[in-house]
Amino acid sequence: MKIGTPKELFDGEARVAMTPESAVLLQKLGHECVIEAGAGAAAGFSDTLYKDAGVTVVKTAAALFKAADVIAKVRPPEEVEVKRLRDGQTLISFFYPGANDALMNRIAKKGTTVIAMDMVPRISRAQKMDALSSMANIAGYRAVIEAGNNFGRFFTGQVTAAGKVPPAKVLVVGAGVAGLAAIGTATSLGAITYAFDVRPEVAEQVESMGAEFVFLDFEEEQADGAATGGYAAVSSPEFREAQLAKFRELAPDVDIVITTALIPNREAPELWTEDMVAAMKPGSVIIDLAAEKGGNCKLTVMDQKIVTPNGVTIVGYTDFPSRMAAQSSSLYANNIRHMLADLTPQKDGVINHNMEDDVIRGATITYEKSVTFPPPPPKIQAIAAQKKEPTKVLTPEEVQAEEVAAFKAQTLSQVKILVVGGALMLLIGAYAPASFMQHFIVFVLAIFIGFQVIWNVAHALHTPLMATTNAISSIIIVGALLQIGSGNWLVVILSAIAVFIASINIVGGFMVTRRMLAMFQKS
């Protein structure tokens with residue numbers, strides 16, 4: 001098959017669906033690659049790079065559509081591109097079928113198979129094809145960079161001879177892929193980062209990235225993540241009011257707000273109202289990643305940056321991935337390449353459009369002149385996080401009582417072991433010779449003390465600790481060396497084996513310890 005990528009016609013779109021790197025891998029699947037001249041120029045990929053990768057460069061889009069069996073694009077097809085599609089051809093691109101019903105029906109009648117990259121089901125096996133997550137990741141990162149460009153201070157706090165600079169306070173609304181990327185970037189730049197999401201189970205992810213999760217004092221049963229594909233579900237009016245009240249409380253204190261809240265096939269929920277903007281400090285910044293769907297902020301203007309009368313900058317750009325075109329193109333081209341790898345299971349350059357496959361079926365919206373959207377739910381659902389029972393907060397008196405009880409239980413256990421051990425030693429000592437008992441007591445004490453030491457070591461340190469003890473315990477090599485000169489051939493053989501095994505313990509023990517410790521050192 002010939003995989004073709006035309007130049008994007010959408011105004012301002014700089015991404016490209018095929019990179020020289022992905023083209024090399026597509027050719028290993030048995031396909032030929034064709035690209036329109038200049039298609040990758042805006043993303044930094046020249047025609048020469050494509051030619052060096054074995055890609056055929058054609059001069060016009062018309063020639064490309066005529067030559068290619070599979071068209072790989074970023075944006076949904078424009079009117080002129082729809083006219084060029086033909087029966088038996090396959091189109092792979094973002095499509096948003098829920099909002100493009102007429103376009104989908106028109107292409108279906110032409111006999112073109114359409115695979116919508118925004119419809120890839122959210123199951124583990126399909127993560128490598130999840131283009132929405134790839135682009136959301138970039139949008140979240142770029143949102144923080146854009147906020148920094150419009151913010152008049154450092155993100156990190158500083159104490160200098162010229163004065164003290166407080167750290168910026170960043171609030172990220174929505175802890176999905178874009179939100180987590182924004183949290184990670186803001187935290188790494190030194191900002192004090194807060195995050196909110198209607199799914200309390202993401203709190204651990206937020207806190208693991210160094211941010212503080214904003215909890216609401218409101219209990220509401222949330223929809224299972226398996227039923228919503230991992231997206232947030234619509235909240236009740238009562239929950240929304242509690243949410244807005246919390247945001248009003250935070251608005252005067254935060255410097256940067258990044259909103260990422262979107263629910264599939266719906267307008268963006270309004271979360272940052274006009275009075276919240278008015279309450280913010282002059283110089284504050286709002287980055288609205290939901291601007292394309294109406295925006296989470298009441299005052300957002302799509303594709304524009306505005307400054308309110310009280311000095312708050314509101315950015316409503318919808319092309320954040322395109323502003324990092326080289327990175328976006330590389331990730332999206334890999335998503336396309338993985339999709340084509342699933343469509344070419346034999347790596348023989350022949351497309352096998354298996355509608356029994358959950359991923360292929362879920363992403364296919366037109367097939368054999370029929371509209372196949374919406375797809376059936378996948379056979380394997382995404383597993384939702386288990387809801388945790390709320391933990392009771394103990395008072396200082398209760399914590400102290402628990403610690404005393406644990407100490408008493410541990411002491412009693414150790415006393416029992418010592419009593420039983422002492423009784424056994426007395427029993428054995430009544431019959432065993434004194435020379436034996438001298439060594440036996442040392443042996444038993446070594447075991448007891450060693451067990452107590454190892455038991456109290458953190459699990460993370462078990463491997464380097466055991467490696468070191470292996471090396472040290474190999475002092476038995478001394479005994480073997482003393483016996484290796486014996487006149488008895490059996491003693492010599494056993495001593496040689498002991499020396500060999502002890503040597504492995506010594507060398508291996510120190511090597512493992514060194515490698516483990518190197519993991520915690522800066523190069």
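The structure presented is a predicted model; accordingly, all values stated were derived computationally and were not measured. In what follows, every heavy atom counts, from backbone to side chain, and hydrogens, waters and symmetry copies are set aside.
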With no hydrogens and no angle check, is any side-chain donor or acceptor of Glu398 less than 3.5 Å from a backbone partner on Thr395? yes
Electrostatic pair Glu274:Lys298 at N-O distance under 4.0 angstrom: no
Stepwise salt bridge (Lys or Arg N to Asp or Glu O under 4.0 Å) test for Asp342 and Arg337: CA-CA 9 Å; Asp342 270 28; Arg337 191 253 304 173; over 6 Å; no
Do NZ/NE/NH1/NH2 and the carboxylate oxygens of Arg240 and Glu238 come within less than 4.0 Å? no
Can you tell me how the ring of Phe320 sits relative to the ring of Tyr317, calling it parallel under 30°, perpendicular over 60° and tilted otherwise? tilted
Would you say that Lys164 contacts Gln158 through its side chain, given a criterion of any heavy-atom pair below 4.5 Å between the two side chains? no
Neighbour count >12 (heavy atoms, 6.0 Å) for atom CZ, Arg515: no
Do we see a donor-acceptor contact under 3.5 Å between the side chains of Asp303 and Thr318? yes
Search all heavy atoms of Ile192 against all heavy atoms of Pro167 and return the closest pair with its distance. CD1-CG, 3.6 Å
I'd like to know whether the aromatic ring centres of Phe247 and Phe196 sit less than 6.0 Å apart in this structure. yes
Backbone N/O of Ala409 and side chain of Ser413: donor-acceptor pair under 3.5 Å: no
Applying salt bridge (Lys or Arg N to Asp or Glu O under 4.0 Å) to Lys7 and Glu36, what does each step give before you reach the verdict? CA-CA 6 Å; Lys7 187 176 182 179; Glu36 182 184 352; over 6 Å; no
CE of Met302: more than 12 outside heavy atoms within 6.0 angstrom? yes
Is the shortest heavy-atom distance from the side chain of Val120 to the side chain of Asp118 under 4.5 Å? no
Asn137 side-chain N/O to Ala178 backbone N/O, donor-acceptor pair under 3.5 Å: no
Is the shortest side-chain N to carboxylate O distance from Arg15 to Glu8 below 4.0 Å? no
Between Pro375 and Met119, is any pair of side-chain heavy atoms under 4.5 Å apart? yes
Looking at Arg125 and Asp357, is there a salt bridge between them, counting it only when a charged N and a carboxylate O are closer than 4.0 Å? yes
Side-chain contact, heavy-atom cut-off 4.5 Å: Val257 with Thr259? yes
Evaluate the side-chain proximity of Phe10 to Ser322: yes if any heavy-atom separation is below 4.5 Å, no if none is. no
Looking at every heavy atom in both Gln243 and Val198, which two are closest together, and how far apart are they? OE1-CG1, 3.5 Å
Would you say Thr273 and Arg248 make side-chain contact, with heavy atoms under 4.5 Å? yes
Between Asp288 and Lys305, is there a salt bridge with N-O shorter than 4.0 Å? no
Asn296 vs Trp272, side chain to side chain contact (heavy atoms under 4.5 Å, CB included): CA-CA, chis, key distance, verdict: CA-CA 6 Å; Asn296 295 138; Trp272 207 259; 5.7 Å; no
Do other residues, nucleotides or ligands put more than 12 heavy atoms under 6.0 Å from the CZ atom of Phe154? no
